[in-house]
Structures are given as structure tokens and as C-alpha cells.
Amino acid sequence: AQSVTQLGSHVSVSEGALVLLRCNYSSSVPPYLFWYVQYPNQGLQLLLKYTSAATLVKGINGFEAEFKKSETSFHLTKPSAHMSDAAEYFCAVSETGGFKTIFGAGTRLFVKA
Amino acid sequence: EAGVTQFPSHSVIEKGQTVTLRCDPISGHDNLYWYRRVMGKEIKFLLHFVKESKQDESGMPNNRFLAERTGGTYSTLKVQPAELEDSGVYFCASSPLAGASYEQYFGPGTRLTVT
């Protein structure tokens, strides 16, 4: 069965510092992986997705994630945090041939001035 | 292009009452999904429509939940009778194509509180 684990329900960084949000997944078949972001009072918005092309995926707002099969990880990074990055981030997985998306519990990112 | 819309944004009801949530997907999207997030836990899949047909309802918690999608456009999710554990945020999503690699477009959610 598929599952997603996000390490840390809350992460706090200073403005300008590196953002690293961790995600590990389990899947019995090659997965598709996603990062979504939810800003207050808004729906989830896709940041980026991995669909078996390049292992380093670039997304919107300067975020990127690297698929590491050997570590079953898909960590999200951004070199320099901005106040506007404060939001909740969700890692998600779906499997080839399926359509369900399985989500992690979410990580809330706080950015300090 | 209008996004996925959900109504109401918030609903507070008493245990035993009935509530109906509505979702309007992006125009032209045949695929519509319902998800639920309970008490800050992970977002969980409830069901998937292709047009008006239920493709997969394996995530529906029990028979107190009824989802419909008349005419393949908007969808409703009815909870009858509501229980305390039904509280949470209900998200609707839509996509033009079905498949694991396709992005789903999410609405802002309906926050349901059962007291």
C-alpha cells in the first residue's frame, strides 16, 4: 500500500534561510510524486510533480525537489525563504495505473523576519 | 477561468442533523474527487466521479455519506445523520483527465463542525 510520511508537522526558518521539507514515500510500483501548498483560506495548489522524467524537479516560486529512489524520498527545498512562503505543504503520491492521490499529514512552514 | 468552488465555506451543525456540501468543478473537467482532512491529519481520498458515474468510492467512511453528481457537472456530498467524528475539512478536486500523473485542481474546502 502507498503511504507518505512528512517529517515535522511544523518547520520554522528565518527569512533568507534554506527551506527543507522532508517527505518519504512507500510504493510497490513506480510512483508519481507531488508537492502541494495551501495558503490560508485557499485550496491546495500544485508546486511541482515528478513523473519519471528528470529526478530533479523545479516548481513554482523557486521550489525544487529531488526524487531519490534509493532513499524513497522526495524532499522539497528552496534556497532562500521569503515571508510569502509561510503556508502548509503537502507531499503526495499516486501510482502508475491509478488515480487516487495519497497525502502526507502536511508540514506547516513558518518564516521569521 | 474559474477554479473549483465549494459551498458553504463553513458549516456548523448538531449531531444527528443533515448537511449537504456542494462542489462545482472547473468547466469541462470530467473527473471530480472528494477528499477529507480530519483534525490536522492527512488528507484522505473519499471518492472519484467520472462524469456522473462513481468510479471509486472506496474511501467513503460509511453509509451515512452519499455523493452524487447529477448530469456530470456539480457534485454534492450529503452527511446524514452527522456524527462528531465527521468534523473536518472536505475538499473537492477536479481534473480534465484521469490518471496518476495528472494534477488535480483543488477547491478551498468546506470546514464542517459537528457539535
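From a predicted model like this one, the values you see are computed outputs, not experimental measurements. Below, chains carry the letters A, B, ... as their sequence lines are ordered, and counting in each starts from 1.
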Heavy atoms from other residues, nucleotides or ligands near CG of A:L7 exceed 12 (cutoff 6.0 Å): no

Note, A:V4 side chain near B:E42 side chain (heavy atom, < 4.5 Å): no

Inter-residue atom distance B:R37.CZ - A:F103.CZ, 0.5 Å rounding: 10.5 Å

Joint hydrophobic cluster, B:V4 plus B:L46, side-chain heavy atoms closer than 4.5 Å: no

Pairwise distance CD(B:E103) to OG1(A:T101) - rounded to 0.5 angstrom: 10.5 Å

Neighbourhood of chain A inside residues 61-70 of chain B, taking heavy atoms under 4.5 Å as contact: none

ILVMFWY cluster, A:L46 and B:F106 together (side-chain gap under 4.5 Å): yes

Residues of residues 67-90 of chain A contacting chain B, heavy-atom criterion under 4.5 Å, by residue number: A:E88, A:F90

Path from A:Y36 to A:V11 over hydrophobic side-chain contacts below 4.5 Å: no

OH/A:Y39: more than 12 non-hydrogen atoms of other groups inside 6.0 Å: yes

Structural part of A:Q6 lying under 4.5 Å from a heavy atom of chain B: neither

Portion of B:S58 that has a non-hydrogen atom of chain A nearer than 4.5 angstrom: side chain

Minimum heavy-atom distance B:F91-A:L44, with the two atoms named: CE2-CD1, 3.8 Å

Within one Ile-Leu-Val-Met-Phe-Trp-Tyr cluster: A:Y25 and A:F63, side-chain cutoff 4.5 Å: yes

Neighbour count above 12 (heavy atom, 6.0 Å) for B:K54 NZ: yes

Pairwise side-chain contact, B:Y35 with A:K100, heavy-atom cut-off 4.5 Å (strictly under): no

Cluster link A:V111 to A:V37, ILVMFWY, side chain under 4.5 Å: yes

